[in-house]
Amino acid sequence: MAAAKIAKKAPRTVAEDIVATLKKHDAFSKIDIAGPGFINLTVTDDFLAAHLKTIAADPRCGVPETGEGTVVVDYGGPNVAKALHVGHLRSSIIGDSVCRLMKFSGYHVLGDIHLGDWGTQMGMVISELQRRQPDLPHFDRDYTGPYPAEPVITLATLEEIYPAASAACKADEERMALARMATKELQDGRAGYRALWRDFLTVSTEGMKKNFAALGISFDVWKGESSVQDLIPPMVEELTHSGHAIKDQGAIIIPIEKNDDKKEVPPLILVKSDGAAMYSTTDLATIKDRMAAYAPDKIVYVIDQRQSLHIEQVFRAARLAGYAPENEVDLIFAGFGTMNGTDGKPFKTRAGGVLKLEDLIETGREKARARMEEAHVAEDMDAAEKEDIAQKIAVAALKFADLQNQRQSDYVFDIDRMTAFEGKTGPYLLYQAVRIKSLLRKANHIDSREAFVLTDIDRDLALLLTELPEVIEAALSHYAPHYLCDYAYRLAQSFSGFYNRCHILSEENDALRESRLALCAMTVRVLELTLSLLGIKIPDRM
RNA sequence: GUCCCCGUAGCUCAGCAGGAUAGAGCGCAGGAUUCCUAAUCCUGAGGUCGUGGGUUCGAAUCCCGCCGGGGACGCCA
């Protein structure tokens with residue numbers, strides 16, 4: 001139809017010409033022109049069977065390796081000293097999936113957690129701690145060290161202090177001033193503050209690693225805002241010298257408006273009027289750092305949609321300063337929507353607080369355990385093996401519930417739906433895969449790659465298996481894992497219907513039985529691959 | 001005030017580089033298990049795609065206005 005527009009011919013005429021050519025090929029058993037000019041093609045069983053055989057023999061299931069070059073993915077971004085809560089789920093699991101997808105596609109991927117460890121929140125915690133424990137040597141300016149080797153604070157205390165400090169600063173301008181001052185002094189290298197900061201980092205990183213491990217999320221690089229601290233003074237100097245940065249109202253800013261702007265674009269603040277760096281400073285320096293260290297072809301930011309203006313400012317400044325030349329690197333903002341409660345406002349627990357990530361995961365595990373017991377699954381296994389299955393089910397539920405939403409739109413967080421096991425859920429997908437595994441075990445099936453014999457019952461599933469490459473391409477080009485979710489679900493659903501319509505093991509026709517087993521084997525492979533790109537693992541039984 | 005996002009079934013969401021009768025899950029009504037894992041499957045009811053214009057042979061999809069909701073807008077991240 002699009003061709004008709006270009007050719008300036010009636011769509012049906014064009015369709016007829018195309019059909020005439022296609023008829024010369026023997027891949028199609030039926031070619032129809034429908035409606036205003038749609039061409040409906042039906043591939044022959046032989047063609048489809050041969051194609052299946054090809055992708056069955058391919059370790060990549062027919063997906064080409066299209067990625068080239070290095071890409072840095074900036075995701076996770078948890079703040080040091082702050083407990084990981086459900087709000088961190090999105091960035092982490094979307095970013096993780098994007099990394100997996102890009103790695104699979106052939107890119108050299110560096111996933112960077114980019115910790116929030118250099119901003120005012122650090123000063124807030126330091127000044128709050130000073131109120132509570134003024135006797136710590138860290139606050140004594142005359143103290144020359146050494147500071148205790150072991151952290152002087154526990155994770156639990158830190159996680160309690162942070163929200164308290166944050167609230168106090170918000171409510172009280174004086175407290176805020178203290179926090180800013182502490183931030184500035186920390187950045188300037190005050191020894192006691194640095195020692196405290198080191199403790200915060202040690203303690204919270206430990207907690208994060210535990211949480212991320214539970215979710216099966218890993219990062220290639222554990223850098224953060226503070227990683228570029230040494231680059232900041234020379235960068236400011238350089239930008240001031242080159243004229244890109246100017247003094248304004250006591251601060252140093254980079255004006256970034258363009259002549260053809262149709263909207264107001266506020267300048268990027270490079271240095272605050274108190275001399276401290278802020279996240280725009282570290283983000284800009286981080287681009288410089290990444291270019292120097294990795295020379296990436298792309299930098300992808302998987303961060304909150306609400307930061308789009310900030311990130312645009314950083315991108316513009318980086319282009320202007322020449323830190324990220326357009327012909328060298330793509331700067332991509334893959335923003336995600338807010339996680340809201342059922343009331344449409346940003347999610348809070350009933351008590352008004354945040355829901356900690358580990359509590360959410362535990363809720364999922366509990367439900368999984370209960371369900372397993374009810375269904376008498378894995379009763380012969382030991383506790384550790386059972387727990388492993390419960391863990392996989394919980395993680396599948398959580399990740400799939402989140403990832404199936406379109407990345408950029410807000411979504412409603414509902415813990416009951418998030419940990420549901422029926423319908424369009426992670427556990428449903430696992431369940432279908434597990435049924436196939438069980439079937440293949442019973443059949444003692446070795447991947448024989450026999451010729452496929454396709455009947456009407458097999459056809460839908462077979463056709464769906466050939467769709468994988470275009471699904472991956474869509475997910476990749478949009479940095480959008482939900483395309484994978486949609487496909488995995490359609491595949492699982494199609495399999496389930498197939499499984500219901502024919503009894504495979506008792507099929508008397510040997511060739512058909514073998515073909516169906518091969519189709520099942522292919523299905524579980526594709527499912528496993530698709531889910532692996534979502535960061536979801538399949539147990540052997542459930 | 002400027003800018004961005006969203007508005008699709010009772011609820012939660014897909015679909016939006018224009019295309020055929022707008023899909024899914026949950027919920028609701030009904031049905032399926034002597035057989036490979038029922039965390040399943042099948043059937044049904046349920047929609048002025050917020051609204052009014054425009055572009056087009058054709059609009060949920062693109063453009064403009066309006067209404068409603070959310071968000072961002074120099075020294076928090």
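Every chain is numbered from 1, with letters handed out A, B, ... down the list of sequences.
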How far does the [atom1] atom of [N] sit from the matching atom of [M], given to the nearest Å?
N: B/C63; M: B/G68; atom1: P; result: 22 Å
N: B/A17; M: B/C5; atom1: P; result: 15 Å
N: B/C28; M: B/U33; atom1: C1'; result: 23 Å
N: B/U40; M: B/U51; atom1: C1'; result: 43 Å
N: B/G10; M: B/A38; atom1: P; result: 33 Å
N: B/C64; M: B/U55; atom1: C1'; result: 11 Å
N: B/C73; M: B/G58; atom1: C1'; result: 40 Å
N: B/C76; M: B/C49; atom1: P; result: 47 Å

Would you classify [X] as touching base, sugar-phosphate or nothing, given that sugar-phosphate means primed atoms plus P, OP1 and OP2, and contacts are heavy atoms under 4.0 Å?
X: A/M122; value: nothing
X: A/Y428; value: sugar-phosphate
X: A/D261; value: nothing

Separation of [N] [atom2] from [X] [atom1] (nearest whole Å):
X: A/N405; N: B/C6; atom1: CG; atom2: C1'; result: 14 Å
X: A/M124; N: B/C76; atom1: CE; atom2: C1'; result: 6 Å
X: A/E312; N: B/U2; atom1: CD; atom2: P; result: 18 Å
X: A/I311; N: B/C3; atom1: CD1; atom2: C1'; result: 17 Å
X: A/H88; N: B/A77; atom1: NE2; atom2: C1'; result: 10 Å
X: A/R316; N: B/C3; atom1: CZ; atom2: P; result: 14 Å
X: A/M542; N: B/U40; atom1: CE; atom2: C1'; result: 12 Å

Looking at [N], I'd like to know if its phosphate oxygens (OP1 or OP2) sit under 4.0 Å from a side-chain N or O belonging to [X].
X: A/K442; N: B/U37; result: yes
X: A/S438; N: B/C36; result: no
X: A/Y411; N: B/C11; result: no
X: A/R435; N: B/A38; result: yes

If the condition is ring pair (Phe, Tyr, Trp, His ring centres under 6.0 Å), which residues does [X] pass it with, not counting sequence neighbours?
X: A/Y301; answer: A/F315
X: A/Y279; answer: A/H310
X: A/F200; answer: none

A/L398 side, atom CG; A/I393 side, atom CD1 - distance, nearest 0.5 Å: 12.5 Å
Distance in Å, A/L268 CG paired with A/S280 OG, rounded so as to fall on 0.5 Å steps: 4.5 Å
Going by side chain to side chain contact (heavy atoms under 4.5 Å, CB included), name the residues that satisfy it together with [X], two or more places apart in sequence or in a different chain.
X: A/A394; value: A/R365
X: A/E159; value: A/A83, A/L155, A/K356
X: A/T523; value: A/I436, A/L461, A/L465, A/L491, A/F495

A/D261 CG: over 12 foreign heavy atoms closer than 6.0 Å: yes
Heavy atoms from other residues, nucleotides or ligands near CD of A/E373 exceed 12 (cutoff 6.0 Å): no
Within residues 481-495 of chain A, residues whose heavy atoms come under 4.0 Å of RNA chain B: A/H482, A/Y489, A/Q493
Please list each protein N or O that sits under 3.5 Å from an N or O in nucleotides 70-75 of chain B, with the distance.
from, atom 1, to, atom 2, distance (Å)
B/G74, O6, A/D248, OD2, 3.1
B/C75, O2, A/S273, N, 2.6
B/C75, O2, A/S273, OG, 3.1
B/C75, N3, A/S273, OG, 3.2
B/C75, N4, A/Q249, O, 2.9

Nearest-nucleotide pick for [X], side chain only, options being [options]:
X: A/E225; options: B/U40, B/A77, B/A38; result: B/A77
X: A/S496; options: B/U12, B/C41, B/A24; result: B/C41
X: A/S409; options: B/A77, B/A14, B/U37; result: B/A14

Torsion-based syn/anti label for B/G74, 90° from 0 as limit: syn
Within the sub-3.5 Å range, which N or O atoms of nucleotides 59-64 of chain B have a protein N or O partner, and how far apart are they?
none

side-chain hydrogen bond (donor to acceptor under 3.5 Å, both in side chains) partner of A/Y411, chosen from A/T338, A/D402, A/N405: A/D402
Candidate pair A/Y428 and A/Y489, rule ring pair (Phe, Tyr, Trp, His ring centres under 6.0 Å), full reasoning: CA-CA 8 Å; A/Y428 171 88; A/Y489 182 68; 5.4 Å; yes
Name each donor-acceptor pair under 3.5 Å that joins a side chain in residues 470-484 of chain A to protein atoms two or more places apart or in another chain, with its distance.
from, atom 1, to, atom 2, distance (Å)
A/S477, OG, A/E473, O, 3.0
A/S477, OG, A/A474, O, 3.3
A/H478, ND1, A/A474, O, 2.9

Pairs meeting criterion salt bridge (charged side-chain N to carboxylate O under 4.0 Å, His left out) with involvement of residues 406-415 of chain A, two or more places apart: A/D414-A/R417
Donor-acceptor under 3.5 Å (A/S97 side chain, A/L533 main chain): yes
Exam field: side chain A/E128 to backbone A/A164, donor-acceptor pair closer than 3.5 Å: no
Distance-only donor-acceptor test (3.5 Å): side chain A/D117, base B/A77: no
Position toward the 5' end of RNA chain B (nearest nucleotide), A/P427 or A/V412: A/V412
Residue whose closest nucleotide on RNA chain B lies nearer the 5' end, A/S506 versus A/W118: A/S506
Dot-bracket notation for RNA chain B, counting Watson-Crick and G-U pairs under 3.5 Å, with | for partners on another strand: (((((((..((((.....[...)))).(((((.......))))).....(((((..]....))))))))))))....
